[in-house]
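Accompanying notes for the structure given below.
To find a chain, count down the sequence lines: A is the first, B the second, and so on, and within it residues start at 1.
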Amino acid sequence: MEVKLRILRYNPETDSKPHYEVYAIEAEENDQILDLLNRVKWYQDGTLSYRRSCAHGVCGSDAVRINGVNRLACKVLVKDVGRKVTVEPLLGLRVIKDLIVDMEPFFDHYKSVIPYFVNDEPAPARERLQSPEERARFDDTTKCILCAACTTSCPSFWASGEYVGPAAVVQAHRFIYDSRDRAGAERLELLNDRVGVWRCHDIYNCTNACPREIEVTKAVGEVKLAIATGRIE
Amino acid sequence: MQHQFEVVIVGGGGAGLMAALTASKGASTAVLSKLYPVRSHTGAAQGGVGAALGSEEEDRPEWHTYDTVKGSDYLGDQDAIEFMCAQAVETVYELEHIGLPFNRTAEGRIAQRPFGGHTNNETGKPVRRAAYAADRTGHMILQTLYQQCIKQKVNFFDEFQVLDLLISKGAACGVIAVELATGELHTFHAKAVIFATGGWGRVWEITSNAHSYTGDGVAVTLRRGIPAEDMEFFQFHPTGIYRMGILITEGVRGEGGVLVNNDGERFMERYAPTAKDLASRDVISRAMYLEMRDGRGINGKRYLYLDVRPDTVNKYARSDGRTWPDGSPYQISGADIMSKLPDIIDFCRTYMGVDPVTQPMPVQPTAHYAMGGIPTTMYGEVVIDDKNTLMPGLFAAGETACVSVHGANRLGTNSLLDIIVFGKHSGLRAAEYANQSTYLPLPAEPEGFVREQLEALRNADGSELAVDLRKEMQDIMFADVGVFRTEEGMSAALEKVKELKQRFRNVRAKDPSRIFNTDILEAWELGCLLDLAHVTARSALERKESRGAHARDDYPERDDVNWLKHSLAYLDDKGVSLKYKPVTMTRFEPKKRVY
């Protein structure tokens, strides 16, 4: 079948503003949208620029807006979206070229929440023990691949790029609820900031956008509750 | 622009980040990665990391060593294998100590699952040796190492693609990289350079590997006169999603899944009576090839079923007499599958519309892992000839390196082990080396060779498309330098690749811009793939025996008298030339390999 692929293009070296271009592409219904982008780039227009790597939804490179919602281009198939497909860069981050956005502000927010394991107690010769139940407590938020689909779907983030955004909260959650970690209180204090979790208004765009099916809004809610009650449960 | 760091690491996957953690404690260190490090292909590894922790049942590093030697079809260097398997235990505990969220046993220890080729050496039965985090162990390793690099304030140059290695007075002294965001070339002046650029599965049509797995590190070093070792050995993983190649972890079979042909037969019982579906990957991929060749693919097509439905698993677990560690019969439910293999279920639903809990998965062998690569010692030092001469200042680790611990066939879980053990030790050794040395002068016009390559791509006549050449290479390499090989096929592939390299001169980058010119870089990567295909086909053609992943119809047996040796391939304008060096043997005499 033929698919009409409408792509928001922008080349900073020649364009004053972004514009749409439409490409007619032969496709099968099980093709990924990433396959279509590749076909445009390889056969029709080598200047089309986007990020991609693993092509099966685990590296997080190709988060874009497909028909208005944030998705990984390699996890959406033609049969999911039909014959008219619009692909645009993520919102809320500066567009560098075509579908490539500036990820630095996103990673800066990530780095601001102590996104690493902290425990200065002497480690045992073998592993620190953790029960399967304790491990399960933070399982969901370990799945995050930092693709930015959640943060760039969030109206609060669109309103102000100062907000750390749901992805950073998810990362903090992964450690706050890890029974072995010791910096939970410090992270909660950071997230209690004016640019922290209180910017979240339970809109659920993040949960809907997550390609890893993480319950993002729930995780943010648990962090809010922990701040409010002073208890990590 | 010019930068100076004592240690420059090329690649931000598991090996590169592990090296960064150790090197940066002793020397100024930078990591250059063509992707954001968390996008690296380590994150796609699923099933587990091998270590004889003995969390679930008795296990010993010596058993792990023997299994790896046997798995390598005796081509692995036994001193290095023993080192890796001994280091495995403490290194996996180190990962736990820095936060890696492994699954847990009821006692709170790191959970372990069985994997192909890993056995209790006394009973010959599969042993639970793969420490895992659901079916995203690689993701958790990559995330944990990146997090710790952030904590340790490692210097990252993200989206900097390395295009050349600088050599001065016979020693490595830096690299040239292009900054994707600006197109600017940067010179990194270094005392030590570590290549950790991963594999090159994109040489083949069906692959589990990322688009960015184009073997840049090996291509760059080949062009600077450094050989590539054992390139004829490339692993085809038995279970890739039909036509797409996406990996379905061996952990599926570890949890009790079985391979089934069109007659509904669990055919591995015929090929590997003891280990069955948990035999080595080369053994299973060959069995699948033969089943499909003889018309027992599903509906006569080129795929088979991988069946992990609870009824199937429980039926065969009963007939195999499989038990839990406490001796009770092994039985699982759909919920167990869901909790232990969530990503696999997601892949199958997303890409095939198949639910593995109720339907079998269509699978075929998929190009997966390079056993060969840049020759190194067990400390990551790069070896440049058959006398084990080192190139000062040059190191390599992970899939891009050939230590060699995987020999002719890698066991599942040993790739994640390889990156953490050899990443760690190459980082330590590189920092140590840097502390004892001074910066060598850079060569004149350090960017010259890179500019020449990029100019050629900008100025070619454009009569060939990169995509066409890539596809022709991938098709012939999959058909003729794949799971089964013939003299005729390998010769044809070699001639074809040479022809493609000629035609590559007519490939022109269509994008003239500087900012994020992924067009010219994809074309440059195709040049890397062609060089690797060339070296692979030639190394394969010359090896006149069958061993591990290298199986040919005219020499169907392993030949230890003539071929118990590593190949070293050199590439220059005239083509590929080969040398050989002996395998290091310590405790294990080669025996016939039976599973």
Side-chain angles (χ1 to χ4, degrees), chain A residues 11-14 30 32 38 41-43 45-61 75 77 96-98 100 102-103 107 110-111 114-119 123-132 134-135 138-139 142-146 174-175 178 180-181 212-213, chain B residues 35-36 38-41 43-44 53 55 92-93 96-111 133-134 136 139-140 143-144 147-148 150-151 158 181 210-213 244 246-247 342-343 346-347 350-352 465-467 509-519 522:
Chain A
N11 179 345
E13 294 171 56
T14 55
N30 278 328
Q32 304 171 357
N38 286 337
K41 183 175 183 66
W42 295 342
Y43 292 103
D45 186 349
T47 67
L48 177 65
S49 303
Y50 47 93
R51 294 186 175 105
R52 87 287 179 269
S53 187
C54 78
H56 64 287
V58 298
C59 82
S61 297
K75 271 198 100 173
L77 308 185
I96 297 176
K97 182 184 183 185
D98 293 340
I100 296 171
D102 181 5
M103 294 294 289
F107 279 102
Y110 163 79
K111 288 170 193 163
I114 319 180
Y116 45 78
F117 184 75
V118 178
N119 184 331
R126 294 175 63 178
E127 68 272 65
R128 291 190 168 97
L129 297 180
Q130 183 171 52
S131 71
E134 287 169 333
R135 169 63 181 76
F138 64 102
D139 187 66
T142 67
K143 296 188 300 197
C144 175
I145 55 175
L146 296 167
R174 175 254 170 275
F175 292 103
D178 185 337
R180 304 166 299 167
D181 185 87
R212 303 284 295 156
E213 295 175 12
Chain B
L35 308 170
Y36 275 96
V38 290
R39 314 289 180 227
S40 303
H41 204 56
L53 308 178
S55 295
V92 167
Y93 286 137
E96 195 283 329
H97 293 161
I98 58 173
L100 200 136
F102 286 109
N103 277 40
R104 298 291 172 152
T105 68
E107 297 75 36
R109 300 216 168 271
I110 294 171
R136 54 177 184 279
H139 164 77
M140 293 318 337
Q143 292 286 328
T144 301
Q147 291 155 3
Q148 290 297 310
I150 298 294
K151 184 179 184 183
D158 298 334
H211 283 290
S212 40
Y213 245 29
M244 308 177 85
I246 297 169
L247 183 67
D343 281 4
D346 181 34
F347 296 151
T350 302
Y351 298 113
M352 294 187 289
L465 286 181
V467 59
K510 302 281 191 302
D511 187 347
S513 66
R514 291 173 290 109
I515 295 173
F516 268 99
N517 191 335
T518 53
D519 186 41
E522 277 191 9

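If you measure heavy-atom distances from B/Phe516 to chain A, the contacts under 4.5 Å come from both the backbone and the side chain. In this structure, chain A has a heavy atom under 4.5 Å from the backbone of B/Ala106, while its side chain stays farther away. Residue A/Ile100 touches chain B through its side chain alone, counting heavy-atom pairs closer than 4.5 Å. Using a 4.5 Å cut-off between heavy atoms, A/Ile145 touches chain B through backbone and side chain atoms alike. Only the backbone of B/Glu107 comes within less than 4.5 Å of a heavy atom in chain A; its side chain stays farther off. Contacts between B/Leu53 and chain A at a heavy-atom distance below 4.5 Å involve the backbone alone (N, CA, C, O). Proximity to chain A (any heavy atom under 4.5 Å) is shown, for B/Met352, by neither the backbone nor the side chain. The contact between B/Ala44 and chain A is made by backbone and side chain atoms together, counting heavy-atom distances below 4.5 Å. The contact between A/Pro12 and chain B is made entirely by side chain atoms (from C-beta outward), counting heavy-atom distances below 4.5 Å. Proximity to chain A involves both the backbone and the side chain of B/Arg109, based on heavy atoms less than 4.5 angstrom apart. Looking at B/Thr105, only its backbone comes within 4.5 Å of chain A, counting heavy atoms on both sides. If you measure heavy-atom distances from B/Ile110 to chain A, the contacts under 4.5 Å come from both the backbone and the side chain. For a residue to count as touching a neighbouring chain, one of its non-hydrogen atoms must lie under 4.5 Å from one of that chain's; by this rule A/Glu134 does not touch chain B. Heavy atoms closer than 4.5 Å to chain A are found in both the backbone and the side chain of B/Ile515. Only the side chain of A/Asn38 comes within contact range of chain B, with heavy atoms under 4.5 Å apart.
Looking only at heavy-atom pairs under 4.5 Å with chain A, the residue among B/Phe102, B/Tyr213, B/Tyr93, B/Tyr36 that has the most is B/Tyr93. Most heavy-atom pairs under 4.5 Å with chain B: of the set A/Pro132, A/Ala123, A/Ala125, this distinction falls to A/Pro132. The choice from A/Cys144, A/Gly57, A/Ala55 that makes the most heavy-atom pairs within less than 4.5 Å of chain B is A/Cys144. When B/Ser212, B/Ser513, B/Gly43 are compared by the number of non-hydrogen pairs under 4.5 Å with chain A, B/Ser513 comes out ahead. Chain A forms more heavy-atom pairs under 4.5 Å with one residue of B/Lys510, B/Arg39, B/Gln147 than with any other, namely B/Arg39. Each of A/Val58, A/Asp102, A/Asn119, A/Thr14 has some count of heavy-atom pairs under 4.5 Å with chain B, and the biggest count is that of A/Val58. Here A/Leu146 is the residue among A/Asp181, A/Ile96, A/Leu146 with the most heavy-atom pairs under 4.5 Å with chain B.
Ion pairing of B/Asp511 with A/Lys97 is present here, as a side-chain N (NZ or NE/NH1/NH2) and a carboxylate O approach within less than 4.0 Å. Salt-bridge formation is not detected for the pair B/Asp343/A/Lys143: no Lys NZ or Arg NE/NH1/NH2 atom is positioned less than 4.0 Å from an Asp or Glu carboxylate oxygen. Under the 4.0 Å criterion applied to side-chain N and carboxylate O atoms, A/Arg135 and A/Asp139 are assigned as salt-bridge partners.
Annotation: side chain of A/Gln130 is not in contact with side chain of B/Pro101 (no heavy-atom distance under 4.5 Å). Taking 4.5 Å as the limit, every side-chain heavy atom of B/His97 sits out of range of all side-chain heavy atoms of A/Phe117.
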>> Applying side-chain contact (heavy atoms from CB on, under 4.5 Å) to A/Val118 and A/Phe175, what does each step give before you reach the verdict?
In response: CA-CA 8 Å; A/Val118 178; A/Phe175 292 103; over 6 Å; no

>> Would A/Lys75 and B/Asp346 count as a side-chain contact (heavy atoms from CB on, under 4.5 Å) here? Give the steps.
In response: CA-CA 10 Å; A/Lys75 271 198 100 173; B/Asp346 181 34; 2.5 Å; yes

>> Using the rule given for side-chain contact (heavy atoms from CB on, under 4.5 Å), can you reason through B/His211 versus B/His41, listing the C-alpha separation, both sets of side-chain angles and the distance that settles it, and then say yes or no?
In response: CA-CA 10 Å; B/His211 283 290; B/His41 204 56; over 6 Å; no

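Aromatic ring centroids of A/His56 and B/Tyr351 lie 6.0 Å or more apart.
Residues satisfying the side-chain hydrogen bond (donor to acceptor under 3.5 Å, both in side chains) test with A/Arg180, not counting sequence neighbours, are A/Asp178, B/Glu96. B/Arg514 meets the salt bridge (charged side-chain N to carboxylate O under 4.0 Å, His left out) test with A/Glu13; sequence neighbours excluded.
A donor atom on one side chain and an acceptor atom on the other are not found under 3.5 Å apart for A/Thr47 and A/Lys41. Under the 3.5 Å distance criterion, with hydrogens and angles disregarded, no donor-acceptor pair is assigned to the side chains of A/Arg51 and B/Thr518.
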